[in-house]
Amino acid sequence: PGPLAPDATDTIYMGDISTIEAGVYFIESFTSLAGDTNYFNDTLFASFSIDTALAVPHIEDFEGSTPLALWNTDFTSGTGHGNTSNAMYRRLRSISPTGFAQMIRKTGVVTPNTFLAFDYRITNATGGGATILYKDSVIISLSADCYQTFSNIFVIDTLTHTPSTAMKHKVFPLAAYTGSDVILNINGIWKQGNYWVDFDNIAIAEPSIVDLGPDTSICPGTTLQLYGDSILGASFLWTSLATGDTLGTGISLNVDTIGGVVLVMTNIYGIPSTDTINVTFYPKPVVDLGADVETCAGSSVMLDAGSGFTSYNWSTGAMIQAINVSITDYYWVDVANSNGCITRDSIHVNFNALPVADAGVDVVIQYLADTILYGNASGGSGQYLYYWTPADSLISDSVQNPATIALQFSAIFTLHVVDSITGCDGSDQVTVTVIGGPLGVIASASPDNICTGDAAQLDALAGGGSGLYSYS
């Protein structure tokens, strides 16, 4: 630049210094003049340090012995004016109309998935209540070029601030700063009033990964247990996708209805992450054993659950499609389909007791005489109907004690007793032997038609004569 006048100054650009590496840099500069061999009287010394960026994630919770060590600020830290934990705060009023807090180290490197989160509140300094902002503002900004320029991330003012004495949580994406280290800056600007501005849990971090898995189906009547990730300090909020209603706040949730379920998991840095799962029902198997059954003792009832199921499980322990039962009881069956869904149906089967018929003692009468048959019954409901056979040998066949016609031949009379309530019946026989007339015999076989190799019962009923007979 040429000779300098006495006491004059000038600025000379010496070149760039690479400060990529962190550390302390020392700079020494001096003039080199002809004949000047003593550089110490005209040498300048300077030094500066380059700090490494604070790694992501990083949180400032203002705890510990030096809570503001990383801040250039006129804010104070502590638990004053109602804070339940340490916070960074500044009182804005006419005699202190500004507040300034700037981190002295960068944080990075920012990725597309990095967020800024913080808690803040503004309260009246005289009464402790919520404060309405008028023209006041608190500006949160970031620099990605080492303090050269700052861009606003959020402005707390009358449009964005909702008065409350509780901390409000804010989260902002930093994807626009991807690849950069950033410096956080907070500026408070007072216009009127007297209030506290509190900040806590200022974090630059990424959300934790939450994965509820793919959409799934469950069987009606069963429960699906959903789990969030087990992350230290995380909070969980489960809501209905359809209604937004809160379903739970624990690490897990039991689901027994269909629909979308949303999990918002907020990690220790205050960064939320979200996943959604849709739950549907598998088709439920349909099984119908029919109406309850009333039948008579001595019979059996087949219970059939129907075909097409993958498994059967009866209350009797049977594991087949159909079972025969002969005992009064409640019976149930569980059937399963290919999805493992189970349905149960039950049925009551009642075997009514049979009435006990008594046709009386055998009778001997003379040829062409008649007699009275004495029937009786017991058991069952106690209400009976009486029927006798053969009807053509009786004056009346539907009375309890019928009279026979004048009999020429011996006969076997059968009494049928029907329980008039249940319809169940019982029977008994009585033999009337006729003597004194012509000798006769009635032969019968039961059954009267058989297959080769089967057996039948042959009976001979003699009558007439003296009543003393031999058979061959």
Side-chain angles (χ1 to χ4, degrees), residues 293-302 324-329 349-472:
V293 175
E294 291 279 341
T295 189
C296 299
S299 63
S300 65
V301 174
M302 176 179 283
N324 287 304
V325 298
S326 57
I327 299 174
T328 296
D329 206 347
V349 181
N350 185 43
F351 291 90
N352 293 301
L354 301 179
V356 178
D358 181 4
V361 297
D362 293 341
V363 178
V364 178
I365 63 174
Q366 292 295 318
Y367 179 71
L368 293 180
D370 58 45
T371 187
I372 301 296
L373 304 180
Y374 295 95
N376 204 354
S378 61
S381 70
Q383 301 183 44
Y384 313 111
L385 300 174
Y386 297 88
Y387 301 95
W388 292 84
T389 59
D392 57 1
S393 297
L394 298 168
I395 301 300
S396 174
D397 65 339
S398 57
V399 295
Q400 182 176 355
N401 302 312
T404 68
I405 63 174
L407 297 176
Q408 299 182 47
F409 305 101
S410 298
I412 297 175
F413 291 91
T414 301
L415 169 62
H416 300 274
V417 177
V418 178
D419 190 315
S420 61
I421 301 300
T422 66
C424 297
D425 65 85
S427 63
D428 190 26
Q429 293 182 328
V430 63
T431 300
V432 177
T433 302
V434 178
I435 62 174
L439 186 63
V441 64
I442 299 174
S444 63
S446 178
D448 56 5
N449 287 286
I450 62 174
C451 296
T452 302
D454 290 342
Q457 175 73 39
L458 302 179
D459 292 293
L461 179 61
S466 67
L468 298 175
Y469 310 110
S470 62
Y471 301 89
S472 61

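Sparse packing is recorded around OH of Y374, with 12 or fewer heavy atoms of other residues, nucleotides or ligands lying under 6.0 Å away. Counting heavy atoms of neighbouring residues, nucleotides and ligands inside a 6.0 Å radius, atom CD1 of I327 does not exceed 12 of them. For F409, the CZ atom sits in a loose shell: 12 or fewer heavy atoms of surrounding residues, nucleotides or ligands are nearer than 6.0 Å.
One finds the CD1 atom of I421 at 11.0 Å from the OH atom of Y384 (value rounded to the nearest 0.5 Å). Note that the CG atom of D362 and the CD atom of Q429 stand 9.5 Å from one another [nearest 0.5 Å]. Going from atom CG of D329 over to atom CG of N350 covers 10.5 Å, rounded to the nearest 0.5 Å.
For the residue pair P402 and S396, the shortest heavy atom distance occurs at CB-O, 3.0 Å. Nearest heavy-atom pair across L394 and F413 is CD2-CE2, 3.6 Å. Counting all heavy atoms, side chain and backbone alike, S427 lies closest to T414 at CB-CG2, 4.2 Å. In plain terms, the two heavy atoms of P447 and A456 that are nearest each other are O-CB, 3.5 Å. Nearest approach of T433 to S410, heavy atoms of both residues: CA-OG, 3.3 Å. Residues G375 and L415 approach most closely at CA-CD2, 3.8 Å, considering heavy atoms.
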- prompt: Stepwise, does the side chain to side chain contact (heavy atoms under 4.5 Å, CB included) test hold for Y387 with D425?
  reply: CA-CA 10 Å; Y387 301 95; D425 65 85; over 6 Å; no
Using the side chain to side chain contact (heavy atoms under 4.5 Å, CB included) rule, take L373 and T371 through it: C-alpha gap first, then chi angles, then the decisive distance, then the call.
CA-CA 7 Å; L373 304 180; T371 187; 4.3 Å; yes
For Q408 and V434, run side chain to side chain contact (heavy atoms under 4.5 Å, CB included): C-alpha distance rounded to whole Å, both residues' side-chain angles, the deciding distance at 0.1 Å, then the answer. CA-CA 7 Å; Q408 299 182 47; V434 178; 6.0 Å; no
- Message: Working note: S398 + L385, criterion side chain to side chain contact (heavy atoms under 4.5 Å, CB included); need CA distance, chi angles, decisive distance, verdict.
- Response: CA-CA 8 Å; S398 57; L385 300 174; over 6 Å; no
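In this structure, the side chain of W388 engages the main chain of Q400 through a donor-acceptor pair within 3.5 Å. No donor-acceptor pair closer than 3.5 Å links the side chain of T389 to the backbone N or O of A391. A donor-acceptor contact shorter than 3.5 Å is absent between the side chain of D358 and the backbone of A377. In this structure a side-chain-to-backbone donor-acceptor pair under 3.5 Å is present from T328 to F351.
With 3.5 Å as the limit, one finds no donor-acceptor pair spanning the side chains of D370 and T404. For the residue pair E294/N352, the side-chain donor-acceptor check at 3.5 Å is satisfied.
The shortest distance between side-chain heavy atoms of S444 and L458 does not fall below 4.5 Å. Within the 4.5 Å cutoff, the side chain of S326 has no heavy atoms near those of the S299 side chain. Contact of the Y469 side chain with the L439 side chain is registered, since non-hydrogen atoms from C-beta on lie closer than 4.5 Å.
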